[in-house]
**Q** 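One structure is given below, represented as C-alpha cells, and several questions about it will come after.
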Amino acid sequence: MDAIATKGLTKRFGDLLAVDNLDLRVPAGGVVGFVGPNGSGKSTTIRMLLGLLSPTSGAGEVLGSSIARPERYANRVGALIESPSFVPSLSARANLRSLAALRGLRDARVDAVVETVGLFGRDRDPVATYSLGMKQRLAIAAALLPDPELLILDEPTNGLDPAGIVEMRSLLIDLGSQGRTLMVSSHLLSEIEAACTRVIVIGFGEMLFSGPLSELTTRTSAHVRLAPELDRDAARLAEILHVHGYKVHRTNGDLLVDAGAAAAAEVNRIAAQGGITLRMLSAHEETLEEVFLRMTGATDGDNAHIRSDQRGRRRRRLPGRRSSTGKEAAHA
Amino acid sequence: MLRVLKSELIRLKRPSFLAAGVGGMGAFAAVSTIIGFAAAGSTGVGPGAYIPSEAALAAPDGYVAGLILAANLVGIISLSFWAIATASDYQTGLIRLLVQAEPRRWRLIVGKLFALLLFTVAGTLAATITAYGTALACAAVFDVSTAAWSDTLPTLLEAFRNLALSATIWGTLGMVIAFLTRSSGVAIATGIGYLVVFENMILAVATNASDRLLGTTLTAIAAGGTEAIAFDLALQLGLAYLTGGILIVVTVMHFREIRY
C-alpha cells in the first residue's frame, strides 16, 4: 500500500497555480525526499495532505484514507510544517504535553520523544532560549508524539548550520530505519540525499521526477572539456574525435566531449595522434545537485512573475524531465 | 473535546498569563473599589464614568458598587486575554500543529472557548472576592456606614455571575476580532476602540440606540440592569452577541485555509 497517493492534485491561489495536477506516489517504508526550489509547491502539497488546505481539484489518499477526511489518519501521521511553532514562554516539555494532551497521549510519550531527539536535560527550559537547531529537534519531537506510521517533515534542515544539518541527517536516517515512512522536503537535494532511498522532484507545482535515488544518479552526465593550442585546429579536432565515436559540442571556443573522466587520457592520445597539441583538458562529472538544478531550473520558484511568464511560454520538454511514473513535464 | 480543553489549559497556565489575567482582574477590582469609595458622590467626572453616591455605598448591596465600577476594566482584560490566546496560535504558527493533530476544527474552537471561559470565571471570582475585601477595608477608612449591608453571599454571587457573563461576552468579542485578523494587537485596539470610543460617539448622535449596542448591553449585564436596558433584555442581547460570535468563528474556521 502507498503511504501517500495523489491524483491530479491541484491548488490555485487566485492567479497563482501553486500545485499543478500532481500525481504523487510514496510507497510505505523508507525515507523519501521531496525536493524542489523555494516556491515550487512542496509546502502547499504537504498542507493539502495534512488537511490544512483543501485542493482546488484532484484527490489524494494518506495511509489509505481520503485527504478530504484528515481526521481518519491524523493520529497516524506526524508532521513538521515549515518552521517550528511553539509557545516561546513555555518549556519544551509543556509545549509537548499540550500537544500530547490534544492527541490523547500520556506524558510518558513526551519523555520518550524528548529522549529520541536528544533534548533531555533542556526540556524544562523555555523554548525562547532554544537555538534554531534545538527548535527543529523539538518540532521533530512533536511530530513523533503519536508514534506515527508516516512522518512528514517540511524543510527540517532550514536555517541549520552545517553541523546541525549533519546531525539532522543522522536523525532522519535513524528514524527511517525504524520501519516508518518518512517524507522529507527540502529545497536542497544535497542536504537530504544521504538519508533518502527515493526522491520526488517538483518544480513550478509539477512533478519532474519520482523514483529511486539510484535512478536519478543514472541521469548524471559527464564531459571532458578540451581546447587545442591553436584555435584553427578546433574544427579538425572535433572531426577526429567524432570519427572515433565521440559526441562533441563546441562551446565558447572549447570542445565538450560527452564522456567520463576515464576517457580523458584517450581523448588526449587521439588529439596527439592527429598532430594537435592541447592547451587545456579537464574532466567533469555532474553531481546530483547539478542534475537537480538542470531539472528544476536555476530560477528561484518564489519569483512568481518569472514563473507566470514561463508557464505561459513553456511547452518544450527538456532532457531529464520525464518521471519514472511516465508523467511528462514541460519546462521553459 | 476534553483533549482540546486540557491542551489549551496547559498553554494558558503560564505564570505571565495568569498574573496579567486573573491578577489584573483582581487588581482592577480593588483599585476601582478604592476609587469608588474615595470619590463617592463626585459629579462631573466625564462621559461614561460612573461614581457611586455615598448613599449607594451605604445601601444593602453597597459592597459590590466598586465591582460594578470595575466591570468595563475587567471586560477589557478579558477581551485582551481572549484575543491574545486566539491570535497567538496564528502568530506563532501553532495553529498548523493544532489543526494537523485535531482536524475537526470546531472542536479546537469549542475547547478553546471552554478553557477561556474557565479562566474568565477564575478571574472574575478573584475580582469579586478582592472587591468585597477592599470594600470592607474602604468602608472603615472612608467612614461609610455598613449597617445596612446584608445578604452578602447571594448578592456577591449575583454580582459575580453578572460580571462573569459580561466578561465572557467581552472576551468573545476579542476572540472573534483576533480570529478574523489573526492579530492580538489589532483585536485589542479594535475592541477597546469600539466599546470605549466609537460606541459613545454613536450614542451621542443616536441616543435611542443605547438599548441595543454591545457596550451598553455589557454594562447593563454587569450592573444587573440599567435605566437604559433591563437585565433580562441585556442578557438576551448579550447571549445573542455571544452566539453570533461563536458561530462566526466556527464557520470561518471550518473553511479557513491554513496557509501561514
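Computation of the quantities below employed the complete heavy-atom set of this structure, encompassing side-chain atoms and omitting hydrogens, waters and symmetry-equivalent molecules. Order of the sequence lines fixes the chain letters, A, B, ..., with proteins taken first and strands second; residue numbering starts at 1 for each chain. A quick note: this is a predicted structure, and the numbers were derived from the prediction, not measured.
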**Q** If only atom types and distance count, is the side chain of B:T124 paired as donor or acceptor with the main-chain N or O of B:V121 below 3.5 Å?
**A** yes
**Q** Considering distance alone, list the donor-acceptor pairs between chain B and chain A shorter than 3.5 Å.
**A**
unit_1	atom_1	unit_2	atom_2	d
B:S7	O	A:S98	OG	3.2
B:S7	OG	A:S98	O	2.8
B:S7	OG	A:S98	OG	3.0
B:R11	NH1	A:S98	OG	2.8
B:R14	NE	A:S89	OG	3.3
B:G93	O	A:S85	OG	3.3
B:R96	NE	A:I81	O	3.2
B:R96	NH2	A:I81	O	3.4
B:R96	NH2	A:S83	O	3.1
B:R96	NH2	A:S83	OG	3.2
B:R96	NH2	A:S85	OG	2.9
B:Q100	OE1	A:R103	NH2	3.0
B:Q100	NE2	A:V77	O	3.1
B:R105	NH2	A:G51	O	3.0
B:R105	NH2	A:L52	O	3.3
B:E257	OE1	A:S54	N	2.9
B:E257	OE1	A:S54	OG	3.3
B:E257	OE2	A:K11	NZ	2.3
B:I258	N	A:L52	O	2.9
B:I258	O	A:R47	NH1	2.9
B:R259	O	A:R47	NH1	2.9

**Q** With a 3.5 Å distance limit and no angle check, can you tell me whether B:S166 reaches the backbone of B:A222 through a side-chain donor-acceptor pair?
**A** no
**Q** With a 4.5 angstrom heavy-atom cut-off, could you sort out which part of A:P88 is near chain B: side chain, backbone, both or neither?
**A** side chain
**Q** Working to the nearest 0.5 Å, report the span between CG of B:L237 and OH of B:Y241.
**A** 6.0 Å
**Q** How far does CG of A:L96 sit from CZ of A:F86, to the nearest 0.5 angstrom?
**A** 6.0 Å
**Q** With side-chain contact (heavy atoms from CB on, under 4.5 Å) as the test, pick out the partner of A:I81 among A:I152, A:L153, A:L52.
**A** A:L52
**Q** Below 4.5 Å from any heavy atom of chain A, which atoms of B:L98 appear? Answer side chain, backbone, both or neither.
**A** both
**Q** Please say whether more than 12 non-hydrogen atoms of neighbouring residues, nucleotides or ligands are located less than 6.0 Å from CZ in B:F198.
**A** no
**Q** For B:T120 and B:W170, does a side-chain donor sit closer than 3.5 Å to a side-chain acceptor?
**A** no
